[in-house]
Amino acid sequence: MAERVSLTLSLALPSHSSPTKMAAFGSAAASSRFIPSATRATVSLSSSSYLSIPSSSSSSSFSSLKCLRSSALISHLFLNQKRAGIRVSSRGYSAVSAPKSFASYPDQLKSAREDIKELLKTTFSHPILIRLGWHDAGTYNKNIEDWPQRGGANGSLRYEIELKHAANAGLVNALKLLQPIKDKYSGVTYADLFQLASATAVEEAGGPKIPMKYGRVDVSGPEQCPEEGRLPAAGPPSPADHLREVFYRMGLSDKEIVALSGAHTLGRSRPERSGWGKPETKYTKDGPGAPGGQSWTVKWLKFDNSYFKDIKEKRDEDLLVLPTDAVLFEDPSFKVYAEKYAEDQEAFFKDYAEAHAKLSNLGAKFDPLEGITIDDISPKAEKFVAAKYSSGKD
């Protein structure tokens, strides 16, 4: 077996004559003019985002995909530095080829989680990161068996065509926040990163620990994005019927609908994005973060059960109540759970954690099939992971 090596490649901007191309960011291929003509090895990222150096020095061509192309984001995220460093761990890289391995590296997932925690401390982006994870997973259709046609947590929300869906207004800002972390940890898929950020945001805001697993495989191109219209609307003519139509399609229950709705304890609605809410209130005019919008709760960066309490009381005109919020206390089945959560935060946290974990797994294709747990990994599991990285065997 070839000796494992640790590589750090700094890819400087070359002259325009350089023909070399590489696949970029999780299996989405993109034309690369980052590699100088003096580079003697073709650099590529496999579908699992692992770096390999083929034995041949000839250039490899990859089809170009429109991952955020034609928007300012491509220049801001991918071309904003004259030198882009790609760090490669010594675990399992061969001088000949990259091993077939898990979708995401457990050690990189752990490190990415710590970076997300630091990001949250300075950007107060808990609500939008939760929304990003939800909207990537929430396109799942249980009636479609094939992946990725069934939708779900597969990283498709990184593509411009899906970001432009009306329900995803503003989520490009969440992607901008996470892109540097994705660049730093190329061994983490977008699908995993979105769900990792969402769960971490809940926990860091004071919410319950989410029993997450990882190893989600990314879709490879924008043609695999789901059609528009799979996500819930804020003000449908019949809110209860609409919520059930959308969430039942995902395989979720009335209890899970109500529990997940409780995440609106965090965040604000901005009328310029959703068409709902006030431009600002006494609770949002000074931030933190960018000021403005209308929140569902007074302390809109604290995860608790105040969402249910405030909707039930309806005493504060500065707090937002959408038709899909109000119906939780109007529909007989929903009301059972909404009343319970308004009185019992512990019960809400328990049911929310289970529902969030279930949502985050919807439609995902896992590698390995059973997924990866990054909390409390046993020594035996660590040895298995290390052996698989080293050998490249399934």
Legend entry - Audit row: Lys209, Asp375, side chain to side chain contact (heavy atoms under 4.5 Å, CB included) steps and yes/no: CA-CA 11 Å; Lys209 179 71 176 177; Asp375 294 308; 3.4 Å; yes

Inset, instruction - Evaluate the side chain to side chain contact (heavy atoms under 4.5 Å, CB included) criterion for residues Asn361 and Arg216: first the C-alpha distance (whole Å), next the side-chain angles of each, then the deciding distance (0.1 Å), finally the verdict. - result: CA-CA 8 Å; Asn361 295 337; Arg216 296 169 187 80; 3.1 Å; yes

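- Here the side chains of Glu162 and Glu228 are not in contact, with every heavy-atom distance at 4.5 Å or above.
- In this structure the side chain of Glu204 reaches within 4.5 angstrom of the side chain of His126, judged on heavy atoms.
- Under 3.5 Å, the side chains of Tyr185 and Asp115 contain a donor-acceptor pair of N or O atoms.
- Atom CG of residue Asp254 and atom CG of residue Asp331 lie 6.5 Å apart, to the nearest 0.5 angstrom.
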Inset, instruction - Please assess Ser125 against Leu120 for the test side chain to side chain contact (heavy atoms under 4.5 Å, CB included), listing each intermediate value before the final yes or no. - result: CA-CA 6 Å; Ser125 55; Leu120 291 167; 3.7 Å; yes

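- Without hydrogens or angle criteria, Asn168 side chain to Leu171 main chain gives no donor-acceptor distance under 3.5 Å.
- Ring centroids of Phe366 and Tyr214 are separated by 6.0 Å or more, keeping the two rings apart.
- Under the 3.5 Å distance criterion, the side-chain polar atoms of Thr284 are matched with a main-chain donor or acceptor of Gly293.
- The distance from atom CH2 of Trp134 to atom CG of Leu231, rounded to the nearest 0.5 Å, is 11.5 Å.
- Residues Pro208 and His356 form no side-chain contact, since every pair of their non-hydrogen atoms from C-beta on lies 4.5 Å or further apart.
- In this structure, Met212 is a member of the same hydrophobic cluster as Phe102, with clusters built from ILVMFWY side-chain heavy atoms closer than 4.5 Å.
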Legend entry - Derivation and outcome, side chain to side chain contact (heavy atoms under 4.5 Å, CB included), residues Val327 and Leu243: CA-CA 10 Å; Val327 77; Leu243 287 174; 3.9 Å; yes

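- The backbone N or O of Tyr283 sits less than 3.5 Å from a side-chain atom of Trp300, completing a donor-acceptor pair.
- Counting only residues at least two apart or on different chains, the side-chain hydrogen bond (donor to acceptor under 3.5 Å, both in side chains) pairs with a member in residues 146-155 are Asn154-Ser156.
- You'll find the side chain of Ser295 stays beyond 4.5 Å of the side chain of Leu320, heavy atoms only.
- Panel note: side chain Thr297, backbone Ser306; no donor-acceptor pair is recorded below 3.5 Å.
- In terms of heavy atoms, Leu319 sits closest to Val298 at CD2-N, 3.7 Å.
- Cation-pi check for Lys340 over Phe348 is not met; the charged atom does not lie both under 6.0 angstrom from the ring centroid and within 45 degrees of its normal.
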Inset, instruction - For Asp304 and Thr265, run side chain to side chain donor-acceptor pair (under 3.5 Å): C-alpha distance rounded to whole Å, both residues' side-chain angles, the deciding distance at 0.1 Å, then the answer. - result: CA-CA 7 Å; Asp304 56 21; Thr265 193; 3.1 Å; yes

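- Both the sub-6.0 Å distance and the 45° axial angle are not jointly satisfied by Arg158 relative to the ring of Phe194.
- Here the closest non-hydrogen pair linking His264 and Tyr307 is CB-CE1, 3.4 Å.
- In the displayed structure, Lys117 atom NZ is contacted under 6.0 Å by more than 12 heavy atoms of other residues, nucleotides or ligands.
- Remark: Asp316 engages Lys282 in a salt bridge, criterion side-chain N to carboxylate O under 4.0 Å.
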Inset, instruction - Please step through side chain to side chain donor-acceptor pair (under 3.5 Å) for the pair Ser220 and Gln224, ending with a clear verdict. - result: CA-CA 7 Å; Ser220 59; Gln224 295 177 318; 3.1 Å; yes

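- Atom NE2 of residue His135 and atom CD1 of residue Ile130 lie 11.5 Å apart, to the nearest 0.5 angstrom.
- Here the side chain of Arg131 pairs no donor or acceptor atom with the backbone of Gly170 at under 3.5 angstrom.
- More than 12 heavy atoms of other residues, nucleotides or ligands sit less than 6.0 Å from atom CD of Glu313.
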Inset, instruction - Under the ring-ring contact (aromatic ring centres under 6.0 Å, His included) rule, what do Phe349 and Phe303 come out as? Steps first, then yes or no, please. - result: CA-CA 9 Å; Phe349 274 25; Phe303 197 101; 5.7 Å; yes

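- For the atom pair Thr373 OG1 and Leu109 CG, the distance stands at 10.5 Å (nearest 0.5 Å).
- Atom NZ of Lys213 sits about 11.0 Å away from atom CG of Asp192, to the nearest 0.5 Å.
- Put simply, CG on Leu119 and CD on Glu114 are 12.5 Å apart, with the number rounded to the nearest 0.5 Å.
- Linking Ile, Leu, Val, Met, Phe, Trp and Tyr residues whenever their side-chain heavy atoms come within less than 4.5 Å places Leu157 and Tyr190 in a single cluster.
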